[in-house]
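Shown next, in structure tokens, is the structure this report addresses.
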Amino acid sequence: MASIGSTLGTGGGIRIRRVDPHDAMPLATMISDSFLAFNQSVNIPPHVDGFTLETSRDLMKHFTSTPTMYGVVAVEESSGALMAGGFMYPGDVYAIGPVFADNAFKGRGAGKAVMVALIEKVRSENAKSIRLCQVAANPISFGLYASLGFVPVECWMDLEGNVTTEEASSANRSCGFSPVTGVDVRRMEEADVKCCNELHKKTMGFDREQRIRMDIPNGAAWVAVRAGEIM
Ligand SMILES: CC(C)(COP(=O)(O)OP(=O)(O)OC[C@H]1O[C@@H](n2cnc3c(N)ncnc32)[C@H](O)[C@@H]1OP(=O)(O)O)[C@@H](O)C(=O)NCCC(=O)NCCS
């Protein structure tokens with residue numbers, strides 16, 4: 001494992017350094033291939049919790065050029081090749097992710113070195129806690145996170161697919177839900193972030209402003225509005 005000093009670290013043939021915008025394209029290929037390989041290994045359809053090359057490019061461009069994102073890469077000292085990467089961002093609760101290793105370098109300690117570097121950075125900022133998410137089917141990342149002291153806190157489900165209006169009404173009826181009326185769902189805009197964050201604080205007890213804002217550029221953030229107010 002790489003040791004982490006004030007200038008990040010070197011050890012075990014692995015050097016850890018901060019990401020820079022030039023890393024965006026190689027990291028996009030790496031993250032896309034890395035998650036795809038894992039998904040295929042456990043029969044998760046490629047589009048579920050996956051990163052296409054196109055979405056990965058946007059994400060990595062955004063992550064490597066956003067000053068509040070803290071990213072590191074693991075580099076093989078002998079060849080200079082990128083082995084793994086990972087990101088962290090601050091908030092009331094700090095968040096780590098995504099963390100990923102190049103398929104050619106998996107199992108060589110690079111993922112762990114990246115995690116250690118990110119945790120060191122969080123510790124140096126006296127954060128109260130760190131959160132991360134992982135797919136239940138991945139015992140490798142689970143082993144990695146557990147060995148670094150993370151404990152499972154909650155389980156959540158990601159449902160993906162298209163539902164017709166008829167199917168939605170039928171599902172609502174069978175669950176005994178009344179049809180929702182007067183609610184408009186639209187894409188989130190920057191002007192909504194403050195309000196959404198207040199809502200998050202009220203329901204979850206902590207701030208997630210940066211995370212909420214993060215999905216606006218790729219159109220993945222939505223709001224439900226009733227009578228002009230975000231619900
Ligand atoms: C999870 C991932 C980042 C780990 O990176 P890696 O460089 O392959 O892992 P490392 O070699 O640093 O090993 C770290 C730990 O993972 C676990 N691990 C690694 N390979 C493993 C395997 N084949 N079986 C079981 N556990 C394994 C071990 O706990 C290991 O720690 P140890 O060496 O102290 O025992 C990498 O597998 C990956 O990119 N997976 C796809 C993307 C992903 O799922 N990311 C995590 C969710 S955000």
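Indexing begins at 1, ligand by ligand and atom by atom, following the structure's order. Predicted, not measured: the structure shown is a model, and the values here were computed from it.
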Discussion item. Quick check: closest heavy atoms across Trp156 and Cys133, and the distance to 0.1 Å?
Written reply: CZ2-SG, 3.8 Å

Worksheet entry | Residues in the immediate environment of ligand 1 (any heavy atom closer than 4.0 angstrom) | Ser34, Phe35, Val99, Phe100, Ala101, Lys106, Gly107, Arg108, Gly109, Ala110, Gly111, Lys112, Asn138, Ile140, Ser141, Gly143, Leu144, Tyr145

Discussion item. One thing to verify: whether Arg186 and Asp192 come together as a salt bridge, which I'm taking to mean a side-chain N less than 4.0 angstrom from a carboxylate O.
Written reply: yes

Worksheet item: Under 4.0 Å between a Lys/Arg side-chain N and an Asp/Glu carboxylate O for Glu198 and Lys202?
Response: no

Discussion item. Ser174: which residues meet the side-chain hydrogen bond (donor to acceptor under 3.5 Å, both in side chains) condition with it, sequence neighbours left out?
Written reply: none

Worksheet item: By side-chain contact (heavy atoms from CB on, under 4.5 Å), which residues pair with Ile119, not counting sequence neighbours?
Response: Ile96, Met115, Arg123, Ile130, Leu148, Phe150

Acceptor/donor pairs from residues 83-93 side chains to any protein atom, 3.5 angstrom cut, sequence neighbours excluded:
unit_1	atom_1	unit_2	atom_2	d
Tyr89	OH	Arg208	NH2	3.4
Tyr89	OH	Arg211	NE	3.1
Asp92	OD2	Asp207	N	3.0

